[in-house]
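Notes for the one structure printed next.
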Amino acid sequence: MFWTAAAAMAGAVTLILVLALRRGGAAAPSAPDSTVYRAQLAEIERDVARGTVSPEEGQRLRAEVARRLLEADRQAKAGAGPGTRGPVVAGAAVAAVLLLAGGALTYLELGAPGYPDLPHSLRLAEARNLHAARPTQAEAEARAPAPVRPEADPAYLALMEQLRARLAEVPDDPQGLALLAEHEARLGNLAAARAAQERLIAVKGPQATAADHVFLAQIMLQAAGGSISVEAEAALERALALDPNQPDALFVMGLARMQVGRPDLGFRHWQRYLQVAPADSPWQAEVRRGIAQLAAVAGVPQYQPPPLPAAPPLAGPSAAEIEAAREMDPEAQAEMVRGMVEGLAERLATQGGTAEEWARLIGALGVLGETERARAIWGEAQGRFAGRAADLATIRAAAVQAGVAE
């Protein structure tokens, strides 16, 4: 119906223009010279009537002007005849055809032939339907491929068995539950990881943090093959209610909004993410790659992301601490080094850090002879920096030097 209506209207407009040109040519007005000659004839008649011109002279003048008037009328009619109108009408028809063809080609290139009209109200209604039709976690997991379970070091698996046994005896230990959820997820045991994380949140109660809820959502997201279920979105909403600036929650919630046809809301979450996320946040590069296109779809074509925030300085002793350490005895120096290592470990566990800092921690633990702990940190770093090959290479080099990686 669209193409039929468009062709009919275009043909009607073209026909009207061609007929107007034809009529305009047939009824062309007299040339300007003809008007002048007629005025001269009238003036001659007045002069004869007033006696300023003799009748004989008036007769001669009338004859001369009348001859010129007839010649001017003849030329005007010849210029407006079929020989002149034909090329004009033909040119107009060719121009109309070219315009119609150009418009059709432009629409085929930029438009969407056969696609129905999508007013704002209809798009919002479809987005609401998509949101209402979100799968449950069980439905999403049933459709998702089986999670990949990486090969793990036997020593690491032995530690996991000890951790599971410990939690069987003390099931409400928050620290043990947090470790179990993290390492089960790393091993691809996502059902066990989710159960441990849900138990951790229940044990913590009001003390559960936004990061706790985000990690639960991430486990669900991984188990569902990237689909954000009703339960995962609820976990993200709880996280943002506790901390509206939680970077991971903002990133994943942006994805959730895009999955249900709301790029405008997705853009708002990603825009906020770039405002609050640290430079070493794992999603910085992905958000910066995709936010320009997302902004255009959301109706903000001129959006420019803010500059990348400065990376935090590498942790390490200050010049004053190094000078003070030179004057300590070996036992005091070792104690100072251990204190700095523990401080770095605590900060990386709670706030995160750069790949260089994780590598420094693993190397320091290797020097201190805490091989098992260095191995655990290396395993944690692999999860934190998954998909970031350059950073993992930096950390792996330190792990190899510490003897906990090959």
Test item: Leu274 and Gln284 side chains (from C-beta on) under 4.5 Å apart, heavy atoms
yes
Does any non-hydrogen side-chain atom of Leu163 lie less than 4.5 Å from one of Leu159?
no
With a 4.0 Å cut-off, would you call Arg373 and Glu380 a salt bridge?
no
Apply side chain to side chain donor-acceptor pair (under 3.5 Å) to residues His183 and Arg186 and explain how you reach the verdict.
CA-CA 5 Å; His183 291 281; Arg186 186 173 303 148; 3.0 Å; yes
Is it true that a side-chain atom of Gln246 and a backbone atom of Ala249 form a donor plus acceptor pair closer than 3.5 Å?
yes
Is the closest side-chain heavy-atom distance between Phe267 and Met258 below 4.5 Å?
no
Would you confirm whether Gln197, through its side chain, and Asp212, through its main-chain N or O, come within 3.5 Å as a donor-acceptor pair?
yes
Should Leu177 and Lys204 count as side-chain neighbours, where that means a heavy-atom distance under 4.5 Å?
no
Gap separating the CD atom of Glu356 from the CG atom of Leu361, nearest 0.5 angstrom
13.5 Å
Shortest non-hydrogen contact from Phe385 toward Thr354
CZ-C, 4.0 Å
Where Ala359 and Ala398 come nearest, the two heavy atoms and their spacing
O-CB, 3.3 Å
Below 30° counts as parallel, above 60° as perpendicular, anything between as tilted: where do the rings of Trp283 and Phe251 land?
parallel
Any Lys/Arg nitrogen of Glu286 or Arg289 sitting under 4.0 Å from an Asp/Glu carboxylate oxygen of the other?
no
Would you mind checking if Asp172 and Arg199 are paired as a salt bridge, meaning a charged N to carboxylate O distance below 4.0 Å?
yes
Under 4.5 Å between any side-chain heavy atoms of Leu242 and Thr209, yes or no?
no
Please check: side-chain N/O of Gln259 versus main-chain N/O of Gly226, any donor-acceptor pairing under 3.5 Å?
yes
Once rounded to the nearest 0.5 Å, what's the spacing between atom CG of Asp264 and atom NE2 of His269?
10.5 Å
Ignoring hydrogens, what is the shortest heavy-atom contact between Leu236 and Met253? Give both atom names and the distance.
CB-CE, 3.6 Å
Taking the side chain as everything from C-beta on, heavy atoms only, tell me whether Pro135 gets closer than 4.5 Å to Arg143.
yes
May I ask you to check whether His131 and Glu233 show a side-chain donor-acceptor distance below 3.5 Å?
yes
Tell me if a side-chain donor or acceptor on Asn189 pairs with a main-chain N or O of Ala192 at a distance below 3.5 Å.
no
Please report the closest heavy-atom contact between Ser229 and Gln137, naming both atoms and the distance.
OG-OE1, 2.5 Å
Closest contact, heavy atoms only, Trp378 versus Val404
CD1-O, 3.6 Å
Would Glu64 and Arg60 pass as an ion pair if we require N to O under 4.0 Å?
no
Donor-acceptor side-chain pairing of Gln218 and Gln222 below 3.5 angstrom:
no
Going from CD1 on Ile201 to CD on Gln207, what distance comes out if it is rounded to the nearest 0.5 angstrom?
13.5 Å
Side-chain contact, heavy-atom cut-off 4.5 Å: Leu180 with Arg166?
no
Out of curiosity, Gln175 CD to Leu200 CG, how far, rounded to the nearest 0.5 Å?
11.0 Å
Pairwise side-chain contact, Leu365 with Ile377, heavy-atom cut-off 4.5 Å (strictly under):
yes
Atom pair CZ/CZ of Arg262 and Arg128 - distance to nearest 0.5 Å
8.5 Å
Any idea which heavy atoms bring Gly225 and Ala144 closest together, and the distance?
N-CB, 3.7 Å
Between Glu184 and Arg194, does any side-chain N to carboxylate O distance fall below 4.0 Å?
no
Would you say the side-chain atoms of Thr394 and Asp391 include a donor-acceptor pair closer than 3.5 Å?
no
Rounded to the nearest 0.5 angstrom, the CE-CG distance for Met160 and Leu179 is 9.0 Å
